[in-house]
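Each remark here refers to the structure printed beneath this line.
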Amino acid sequence: MPGSLVGDESVAPGRLPVQLRPPPRHRDRTVVRLRGELVSSKAPRVRRRLLRAFARAPSVMEVDLDKVTYLAPDVRALLLAAAAVARRSGARFVITHASPRSQRVLEELGMRRLLDAPPLPGP
């Protein structure tokens, strides 16, 4: 009997109806640029932006904090969760252009390895 049974339909060898490999990465790098005071009420909007960026399946997910003046705890938690999602999906996650204040906050949370900047001098 030629072919094989996939689901309820018989197919010829080498002609599977479904691709059995992970989806290709669409972009090398996806950048999410955040700005302003990222207070708790803005966390849902930041979450949606991160989810849209992950939908592009980037090899590198960059979060640019150049114009961010404040990071609320909710938003910090989102960045940490996004880094974990990126790691599980095989993407690299990096935070760029963080202000010295944001760098210190992120370093206190153990996120130093995600920053593209050199570590700040100690107190």
So CG of L79 and CZ of F93: to nearest 0.5 Å the spacing works out to 5.5 Å
Report yes if some heavy atom in the side chain of P73 is under 4.5 Å from a heavy atom in the side chain of R76; otherwise report no. yes
Count the heavy atoms of every other residue, nucleotide or ligand shown that sit under 6.0 Å from CZ of R47, and state whether that count exceeds 12. no
Evaluate side chain to side chain contact (heavy atoms under 4.5 Å, CB included) for E62 paired with R29, printing each intermediate quantity in order. CA-CA 7 Å; E62 176 184 337; R29 179 184 221 76; 2.7 Å; yes
So CG of L71 and CG of L34: to nearest 0.5 Å the spacing works out to 8.5 Å
Heavy-atom closest pair (T30 atom, P58 atom, distance to 0.1 Å) is OG1-CB, 3.3 Å
Can you tell if the side chain of L115 reaches within under 4.5 Å of the side chain of L106, non-hydrogen atoms only? yes
From CG (D66) to CZ (R35), nearest 0.5 Å: 12.0 Å
With rounding to the nearest 0.5 angstrom, report the CD to CG distance, Q103 to L114. 12.5 Å
Just jot down the side chain to side chain donor-acceptor pair (under 3.5 Å) partners of S40, sequence neighbours excluded, or say none. D74
Holding to side chain to side chain donor-acceptor pair (under 3.5 Å), I want the full list of residues that pass it with T69, two or more places apart in sequence or in another chain. none
How many angstroms lie between CG in D116 and CD1 in I95, if you round to the nearest 0.5 Å? 9.0 Å
From R48 atom CZ to L50 atom CG, the distance as rounded to the nearest 0.5 Å: 11.0 Å
